[in-house]
Amino acid sequence: MQLRHMGIIAPAISAREATPVLLPPRMGAGGDSEETVTTALPKPRPKTARPPMYKVLLLNDDFTPMEFVVLVLERFFHMPHARAVEVMLTVHRKGVAVVGVYTYEIAETKVAQVMEFARRHQHPLQCTMERE
């Protein structure tokens, strides 16, 4: 639906979208009165971007027991036992494996949790993060 006002065609708008505009006084018969006309201004839509993602990496060492690595993967990365064993073997054979991809804050928290858990259990397990 369109509205016709003073020879101008404008799309119909809701009251929320309307912005009042103060026009200069009319000259002539009305004299000193001010007229308010409502016009529609397009609302700018902010461009939102996805946050950068970070890979959480588990590094191999020769001292941390394999069972402990499986426990870490199950507890902190919520992997089922079979998947945790697969990832642990990848870490063991290749030296490193991606155990999850998260936003910065979540990846940072996961790394801190794993490092603290390994330290408390006196294992040298290393966990790091890098931008994807």
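What you see below is based on every heavy atom in this structure, not just the backbone, and it leaves out hydrogens, waters and symmetry mates.
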*Asks:* State plainly whether the residues E130 and K55 are in salt-bridge range, i.e. N to O under 4.0 Å.
*Replies:*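 A salt bridge is present here (some side-chain N lies under 4.0 Å from a carboxylate O).
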*Asks:* Before you tell me yes or no, could you show the steps for F77 and K110 under side chain to side chain contact (heavy atoms under 4.5 Å, CB included), namely the whole-Å CA-CA distance, both residues' side-chain angles and the distance that decides it to 0.1 Å?
*Replies:* CA-CA 8 Å; F77 299 98; K110 297 274 187 191; 4.0 Å; yes
*Asks:* Can you see which heavy atom on R131 is nearest to which on P52, and at what distance?
*Replies:* NH2-CB, 3.1 Å
*Asks:* List the steps and the verdict of side chain to side chain contact (heavy atoms under 4.5 Å, CB included) for Q126 and D61.
*Replies:* CA-CA 8 Å; Q126 293 294 305; D61 65 72; 5.9 Å; no
*Asks:* Please confirm whether the ring centroid of F68 lies under 6.0 Å from the ring centroid of F63.
*Replies:* no
*Asks:* Is it the case that atom CD in Q122 sees more than 12 heavy atoms from other parts of the structure closer than 6.0 Å?
*Replies:* no
*Asks:* I would like to know whether I106 and T109 meet side chain to side chain contact (heavy atoms under 4.5 Å, CB included); could you show each step before the answer?
*Replies:* CA-CA 5 Å; I106 295 172; T109 301; 5.6 Å; no
*Asks:* Please tabulate, one pair per line, all N/O donor-acceptor pairs under 3.5 Å involving side-chain atoms of residues 86-102, not counting sequence neighbours.
*Replies:*
from, atom 1, to, atom 2, distance (Å)
E86, OE1, R83, NH1, 3.4
T90, OG1, E86, O, 3.0

*Asks:* Just verifying a value: how many Å separate T128 OG1 and L58 CG, rounded to the nearest 0.5 Å?
*Replies:*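 Reported to 0.5 Å precision, the distance equals 8.5 Å.
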*Asks:* Got M53 and T103 here, is their nearest side-chain heavy-atom distance under 4.5 Å?
*Replies:* yes
*Asks:* Can you find a heavy atom in the side chain of F117 that is under 4.5 Å from one in the side chain of L125?
*Replies:* no
*Asks:* Side chains of C127 and L59: closer than 4.5 Å at any heavy-atom pair?
*Replies:*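 SC-SC contact between C127 and L59 ruled out.
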*Asks:* Can you label the angle between the H121 ring and the H123 ring as parallel, tilted or perpendicular, going by 30° and 60°?
*Replies:*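 If you compare the ring of H121 with that of H123, the planes turn out parallel.
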